[in-house]
Amino acid sequence: MSSETMPLLDRSLLARSVQTNLARMEYADWKPATDAVRVGIIGYGYWGPNIVRNFHSLEKCEVVAVCDKSADALRRAHRAYPGIELTTDFSHVLNSPDIDAVAVITPVWTHFELAKAALLNGKHVFVEKPLTSSSSQAEELIELAERKNLQIMVDHTFLFSGAVRKIREIVNAGTLGPLYYFDSTRVNLGLFQHDVSVIWDLAPHDLSIMDHIIEAKPEAVVATGGNHLNGHADMAFVTVYFPGNVVAHINVNWLSPVKVRTTLIGGRDKMLVWNDLEADEKIKIYDKGVHITTGEGVYNLLVSYRSGDVWAPKVEQAEALKVELGYFIDCIMNGRKPSNDGSAGLRVVKLLEAADQSLKERGKLVSL
Ligand SMILES: NC(=O)c1ccc[n+]([C@@H]2O[C@H](COP(=O)([O-])OP(=O)(O)OC[C@H]3O[C@@H](n4cnc5c(N)ncnc54)[C@H](O)[C@@H]3O)[C@@H](O)[C@H]2O)c1
């Protein structure tokens with residue numbers, strides 16, 4: 001359906017879209033019109049409604065417009081937020097002088113084009129994971145945002161969950177001792193994506209969490225897996241090697257009969273289990289470990305196992321997406337670069353590309 005026949009289209013947005021001069025302001029000149037950042041959201045499919053709901057709930061944010069190609073999607077948006085302007089044409093959002101920041105909540109292959117156009121029009125951007133379909137695209141967005149003094153934030157939602165924030169605190173405090181491994185399982189039945197493999201759909205969550213928790217730079221990637229239904233990998237095992245013998249392993253699968261969201265982090269001194277499906281006690285820390293002393297010769301290894309207390313630290317319950325979007329607004333208002341910026345997005349895209357290459361070559365080690 002064209003924007004001409006779209007019954008819900010707010011014509012005022014269309015009329016204002018001709019005034020593009022203000023939209024092209026540099027960040028240095030940018031001042032919020034009020035004390036709120038005005039946001040336009042492109043994409044109101046499965047994930048978009050969560051973004052709109054959370055932006056809408058923030059005091060220092062005003063949701064000005066929602067754009068989606070689909071009339072049905074806009075009808076849903078209208079029912080939930082009758083006052084918000086609606087359009088089927090993303091250029092109305094990108095050109096509107098009443099919008100300071102654009103959220104790109106569309107399929108992966110559209111992220112680059114939409115985010116680039118938003119940056120060129122002087123808008124800050126919030127882009128879904130994974131940031132882009134290639135590292136060269138991510139590099140171009142980063143360079144553009146730097147040049148125009150605008151913020152890019154990539155939606156690495158889990159970094160803002162109480163569980164991941166607690167895990168990072170525990171790891172950084174040295175509670176686990178030097179890390180041995182990070183082992184994450186994210187499996188369930190579906191949701192099959194048409195345009196990307198399970199690696200590009202689900203693994204960005206685990207890779208961004210891994211990137212947030214393990215400070216060292218990864219050295220190499222190995223990926224194996226299979227595609228059984230639509231030509232894209234629907235199950236995959238991705239191994240990431242770090243210096244110092246730290247190994248990360250990620251199991252993502254759309255063909256699992258049960259949903260599992262469990263991460264194990266093993267250290268020399270303690271071991272941690274995060275089960276995100278637990279309502280309470282999502283994180284447990286085990287005072288367990290293995291100690292090896294070498295006697296005379298290799299046949300005299302003395303292995304002792306330690307099995308001590310288990311405890312469950314308190315985990316904040318706030319909705320991760322709300323915390324993240326509040327941080328995005330705060331970064332814009334204070335001219336601060338977010339920690340989940342374009343570079344964080346690029347690191348994840350590089351790992352996804354390496355995993356793709358390894359998968360194609362049936363598990364070949366790909367150096368980073
Ligand atoms: N952070 C998370 O936990 C999380 C969860 C789910 C999805 N996602 C990400 O969100 C993005 C969208 O995923 P989804 O599951 O909502 O997809 P979806 O297909 O359900 O929704 C995408 C919507 O974008 C619209 N659209 C596409 N191109 C457009 C264009 N050029 N202009 C206007 N509208 C356009 C479509 O009509 C559709 O309604 C993906 O990048 C995905 O990886 C993130």
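Atoms within a ligand are numbered from 1 in the order they appear, just like the ligands themselves.
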Asks: Has the side chain of K123 got a donor or acceptor atom that lies under 3.5 Å from a matching backbone atom of S96?
Replies: yes
Asks: I'd like to know whether the aromatic ring centres of H56 and Y81 sit less than 6.0 Å apart in this structure.
Replies: yes
Asks: Taking the basic N atoms (NZ, or NE/NH1/NH2) and the acidic carboxylate oxygens, is any pair closer than 4.0 Å for E278 and R261?
Replies: no
Asks: Linking Ile, Leu, Val, Met, Phe, Trp and Tyr by side-chain heavy atoms under 4.5 Å, what else ends up with L346?
Replies: I142
Asks: With no hydrogens and no angle check, just 3.5 Å: does a side-chain donor-acceptor pair link N227 and H232?
Replies: no
Asks: Dump all N/O pairs between ligand 1 and the protein below 3.5 Å as a table: atom names plus distance, one pair per row.
Replies:
| from | atom 1 | to | atom 2 | distance (Å) |
| --- | --- | --- | --- | --- |
| ligand 1 | 1 (N) | E128 | OE1 | 3.3 |
| ligand 1 | 1 (N) | D155 | OD2 | 3.2 |
| ligand 1 | 1 (N) | T157 | OG1 | 2.9 |
| ligand 1 | 16 (O) | Y46 | N | 3.2 |
| ligand 1 | 16 (O) | W47 | N | 2.8 |
| ligand 1 | 20 (O) | Y46 | N | 2.9 |
| ligand 1 | 34 (N) | K69 | N | 3.1 |
| ligand 1 | 37 (O) | D68 | OD1 | 2.6 |
| ligand 1 | 39 (O) | D68 | OD1 | 3.1 |
| ligand 1 | 39 (O) | D68 | OD2 | 2.7 |
| ligand 1 | 41 (O) | T106 | O | 3.1 |
| ligand 1 | 41 (O) | H111 | NE2 | 2.9 |
| ligand 1 | 41 (O) | K129 | O | 3.3 |
| ligand 1 | 43 (O) | K129 | O | 2.8 |
| ligand 1 | 43 (O) | K129 | NZ | 3.1 |

Asks: Between D330 and N334, is there a side-chain donor-acceptor contact under 3.5 Å, judged purely by atom types and distance?
Replies: yes
